[in-house]
Amino acid sequence: RVFLLGHPMLVPAEKLVAKLLQRYHIPAQRACGQEVVRQLLALRVLRTWVKAFPGDIVGPVQEQLVHFVKNISDRE
């Protein structure tokens with residue numbers, strides 16, 4: 001949470017979300033136990049970010065997050 005509070009001084013929201021999604025995007029055919037756990041942890045961080053700092057989640061950032069979450073939820 002502290003990092004999310006201070007990230008604007010270090011990196012813009014667009015770049016932060018791009019790096020998070022790059023790190024935690026796992027194609028459906030490769031999703032196995034440990035990788036799914038990592039994605040769930042990423043979703044938890046994203047949930048905290050959205051709830052605590054909704055002003056950061058606008059425009060392209062919002063679109064990227066919706067796409068990421070939709071891809072995960074479409075696997076079932």
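- Applying the side chain to side chain contact (heavy atoms under 4.5 Å, CB included) criterion to Leu41, with sequence neighbours excluded, gives Val37.
- Shown here are the side chain to side chain contact (heavy atoms under 4.5 Å, CB included) partners of Lys15, two or more places apart in sequence or in another chain: Val11, Pro12.
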Distance-only donor-acceptor hits, side chain of residues 57-68, under 3.5 Å, sequence neighbours excluded:
unit_1 : atom_1 : unit_2 : atom_2 : d
His67  : NE2    : Asn71  : ND2    : 3.1

